[in-house]
Structures are given as C-alpha cells and as structure tokens.
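These notes are about the structure you will find just below.
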Amino acid sequence: MAIKWRNKIEQYITITGFVAGVIGLIYFGVFAYQLVNARSSEVLQLLKKIL
C-alpha cells in the first residue's frame, strides 16, 4: 500500500474502517437480495391470482 501512516493507531483505525465498510456492503447486499426475492414472490402470487 502507498499510504504512509504516522503511527500504528491510525493504521488500525484505517484497517478497521475498511473491514467494517466491506462487512456493511455485504450485509446491505444480502438485505437488498432478500427484499427483492420477497417482492418477486409476492408479485408472482398476485399474477397467479389474476391469471
């Protein structure tokens, strides 16, 4: 990495922040995926009722 840290504390904060960001993105992706799946199954059930 090209980043120069002044001390170890900054390095740990940066790494922790990066890891937290990645975990947050994964969590959001799973949440959005579940939401879309729930919606699509509801839409399919509505279509079956109409047809």
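Since we're looking at a predicted model, the values are computed, not measured.
- Atoms CD and CD1, from Gln45 and Ile50 in turn, are 12.0 Å apart once rounded to the nearest 0.5 Å.
- For the salt bridge (Lys or Arg N to Asp or Glu O under 4.0 Å) test, no residue two or more places apart in sequence or in another chain qualifies with Arg39.
- Think of Ile15 as one node in a network of Ile, Leu, Val, Met, Phe, Trp and Tyr side chains linked at under 4.5 Å; its network also takes in Val19, Ile23.
- Tyr27 belongs to no multi-residue hydrophobic cluster, having no ILVMFWY side-chain contact under 4.5 Å with any other such residue.
- Residues passing the side-chain contact (heavy atoms from CB on, under 4.5 Å) test with Ile9 are Asn7, Ile13, sequence neighbours excluded.
- Residue pairs that meet the salt bridge (Lys or Arg N to Asp or Glu O under 4.0 Å) test with at least one member in residues 8-36, sequence neighbours left out, are Arg6-Glu10.
- Among residues two or more places apart in sequence or in another chain, the side-chain contact (heavy atoms from CB on, under 4.5 Å) test is passed with Val36 by none.
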